[in-house]
Amino acid sequence: MGIKRVMLPASEVDLTAVKYIPENIQAPHLTGFWFKFFLNLAEVPGIGSLIMNHLKNDNKFDEKLKYTVIPECPMFKPEFPPQEPEPAVVSIEEDAKPEDRVELALKCLPEYDPASNWSGDTTASFRYWKIRDYAYAYRSKFTTPSMVAERFISAIEEFNNKNPTAPLLISFDPDEVRKQAAASTQRFEQGNPLSILDGIFMAIKDDIDCYSHPSKGATAWMHEVREVKKDAVSVSRLRSCGAILVGKANMHELGLGTTGNNANYGTTRNPHDPDRYTGGSSSGPAAIVASGLCSAALGTDGGGSVRIPSSLCGVVGLKSTYGRTDMTGSLCDDGTVAIIGPIATTVEDTILVYAAILGSSPADRISLRPSLPCVPNFSSQESLQSVESLRLGKYTEWFNDVFSTDISDKCGNVLSRLSEKHGCETVEIVIPELHEMRLAHVVSIGSEALCALNPDCYDGKGERLTYDTRTNLALFRSFTAADYVAAQRLRRRLMYFHMEIFKRVDIIVTPTTGMTAPIIPPGALKVGETNLQVTGNLMRFIITANLLGLPAVTVPVGYDKQGLPIGIQLIGRPWCEASILRLAAAIEETCAEPKKKPLQYYDILKGN
């Protein structure tokens with residue numbers, strides 16, 4: 001029997017008495033035969049319940065949920081108080097044409113001369129080509145989208161012939177890519193490109209509809225029960241801007257994992273070290289961008305699935321405020337924690353793609369009452385001053401709870417440089433009940449995923465899922481309705497704590513992940529693996545933005561001693577994407593280490 005716990009109302013919690021307790025997940029690391037054996041037991045009625053109850057007991061699920069009186073009423077989806085307007089921004093009309101929104105965002109970017117980089121010193125330190133570099137090359141007739149398309153197709157075919165398979169795309173039609181590129185080439189020849197995104201190569205994660213590709217969610221069967229009849233709203237907005245949509249990018253099956261492991265199609269490898277994971281679940285989108293093959297990609301983020309792989313692959317990933325982008329046409333369009341977000345090589349390219357896809361659904365406009373979306377206006381005099389006035393929140397004990405001190409040292413150095421170069425103030429904060437937040441998130445996302453998948457699982461499709469997905473679903477089935485309501489009570493409580501913190505600071509700063517890219521165990525390629533310790537390290541700083549719906553961005557800041565990328569995460573107030581993007585740009589420009597060329601890199605613009 002459990003011992004009843006009674007929580008004080010959130011407003012009465014004494015923050016000076018809060019003690020940070022490092023996370024210690026209790027669960028076996030399994031792969032190969034023992035993983036299959038464990039799963040067989042976990043799916044046996046009665047025995048499976050005993051196993052899951054034991055795991056939950058070891059990780060204090062019942063103590064925190066079942067046996068605790070939580071005084072707050074449930075918050076079933078994020079609810080945000082009104083926010084002060086952001087300084088030095090330009091507002092964007094949600095109902096404006098995507099190409100007009102992108103044009104407005106383009107005008108807000110800092111001055112940049114693509115010509116100097118095109119003909120510049122080839123021995124200079126590595127840098128990715130920006131979207132503005134592609135646009136300059138097309139306008140100047142140095143190359144065409146069709147020429148770039150042929151280089152892209154050759155690179156993808158090279159990937160598809162690798163052994164073991166490590167595909168970036170799991171649905172790819174070279175003729176369709178050529179057709180889009182030819183149309184874009186013709187628009188440039190006529191001097192009439194649709195936008196700065198015209199002719200820009202982008203990949204779409206396999207849980208977002210991109211007609212005429214199927215949306216499998218990287219399963220072996222989802223396309224059999226769900227037909228794609230048109231683009232997702234976010235994809236249609238990119239298409240109207242002239243983007244070349246290259247296909248459906250690989251992912252961790254159904255988004256229910258953080259490594260990117262996929263036994264169905266092959267596991268995408270990290271471009272910086274092919275023996276390591278990309279992170280997940282948006283493994284293909286992050287890897288294809290980091291490899292130079294696409295300027296940007298769309299991913300989904302319900303538990304760090306944009307930010308984790310972006311950080312591990314050394315690129316930028318944005319998770320916008322819950323409800324900021326229309327989720328219609330994605331496999332996770334009916335949950336309360338996920339968004340569709342851009343992955344790109346630079347902050348400015350992230351802003352351009354974000355400007356194209358933003359816009360709440362009609363239902364979210366009614367229930368969430370989003371403030372007008374904004375982008376930072378780098379061309380205004382006020383922009384620099386707004387960076388200098390930022391107060392940055394740091395919970396030091398949490399910040400330093402990382403697998404390698406390389407991570408906390410690099411991210412701490414960024415805070416020091418922001419103070420020295422921009423005058424930003426770092427404010428020590430305390431965030432209570434982080435363990436409760438992790439439990440509330442897994443119960444929320446797990447229950448929502450199970451609800452969506454149950455009809456097909458009971459129809460026999462569940463047996464065709466990978467072992468790690470089935471293990472997760474076995475855990476999710478052990479959650480009760482009371483657990484779900486308790487999790488939503490915690491959501492309201494945690495929202496209160498964070499809104500109080502945001503009265504003192506503008507942005508909360510953490511490392512993006514608690515570890516750099518983990519090694520892929522050889523046995524995990526064929527049947528997958530379950531390793532909740534790795535999951536805990538990868539998700540340590542991620543969950544806040546998903547459970548509470550807050551905007552967050554990861555930006556690369558350097559490398560560990562093994563040469564693996566490290567990212568820093570900026571968590572903002574609701575609807576304040578412009579503020580975190582402005583600070584991300586300042587970090588990218590003045591605080592980050594020089595970039596290293598990934599081992600797996602293709603220059604498809606120049607063909608070098």
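Values below: all heavy atoms of this structure, side chains included; hydrogens, waters and symmetry mates excluded.
Classification of K77 and D364 as a salt-bridged pair holds, one side-chain N sitting under 4.0 Å from a carboxylate O. With respect to R492 and E79, a salt bridge is recorded, a charged nitrogen being found less than 4.0 Å from a carboxylate O. Ion pair D209/R226 flagged as a salt bridge, since at least one NZ, NE, NH1 or NH2 atom sits closer than 4.0 Å to an Asp/Glu carboxylate oxygen. A salt bridge links D401 to R540: at least one charged side-chain nitrogen sits closer than 4.0 Å to a carboxylate oxygen. Taking the charged nitrogens against the carboxylate oxygens, E63 and K56 have no contact shorter than 4.0 Å, which rules out a salt bridge. One finds no salt bridge joining R489 and E72 here, because no Lys/Arg side-chain nitrogen approaches an Asp/Glu carboxylate oxygen to under 4.0 Å. Between R307 and D301 a salt bridge is recorded (basic side-chain N to carboxylate O distance below 4.0 Å).
Side-chain N or O atoms of S478 include one that pairs as donor or acceptor with a backbone N or O of L475 at under 3.5 Å. Listed for the S330 side chain is a donor-acceptor partner under 3.5 Å among the backbone atoms of M327. N59 places no side-chain N or O within 3.5 Å of a backbone atom of F61 that could act as its donor or acceptor partner. Between the S310 side chain and the A286 main chain, no donor and acceptor come within less than 3.5 Å of each other.
Of the residues D206, L331, I340, the one that meets the side chain to side chain contact (heavy atoms under 4.5 Å, CB included) test with T300 is I340. With S361 as the fixed residue, the side chain to side chain contact (heavy atoms under 4.5 Å, CB included) test singles out one of T325, L368, D326, D333: D326.
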Exercise. What do the steps show when you test T336 against E448 for side chain to side chain contact (heavy atoms under 4.5 Å, CB included), and what is the final call?
Worked result: CA-CA 8 Å; T336 67; E448 291 167 9; 2.6 Å; yes

Problem set entry | Verdict with supporting geometry, Y265 and N250, side-chain hydrogen bond (donor to acceptor under 3.5 Å, both in side chains) | CA-CA 8 Å; Y265 298 98; N250 202 356; over 6 Å; no

For this session: Evaluate side chain to side chain contact (heavy atoms under 4.5 Å, CB included) for H213 paired with I204, printing each intermediate quantity in order.
Result: CA-CA 10 Å; H213 298 277; I204 308 299; over 6 Å; no

Exercise. Yes or no on side chain to side chain contact (heavy atoms under 4.5 Å, CB included) for H498 and I431, after CA distance, side-chain angles and deciding distance?
Worked result: CA-CA 8 Å; H498 282 77; I431 305 176; 3.6 Å; yes

Exercise. Is there a side chain to side chain contact (heavy atoms under 4.5 Å, CB included) between L450 and L473 once you walk through the steps?
Worked result: CA-CA 7 Å; L450 186 66; L473 293 179; 4.1 Å; yes

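Between N270 and C313, the closest side-chain pair of non-hydrogen atoms falls below 4.5 Å.
Nearest heavy-atom pair, V442 versus F476, reported as atom, atom and distance to 0.1 Å: CG2-CE2, 4.3 Å. The two atoms that bring L55 and Q26 nearest to each other are CD2-O, 3.7 Å, heavy atoms only.
A donor and an acceptor atom, one from each side chain of D62 and N57, are nowhere located under 3.5 Å apart.
Environment of CZ in F403: sparse, with no more than 12 heavy atoms of neighbouring residues, nucleotides or ligands closer than 6.0 Å.
Judged by the 6.0 Å distance and 45° axis criteria, K36 is not positioned over the aromatic ring of F33.
Relative orientation of the F541 and W398 rings is tilted, given thresholds of 30° and 60° on the angle between their planes.
Residues Y395 and Y20 bring their aromatic ring centres within 6.0 Å.
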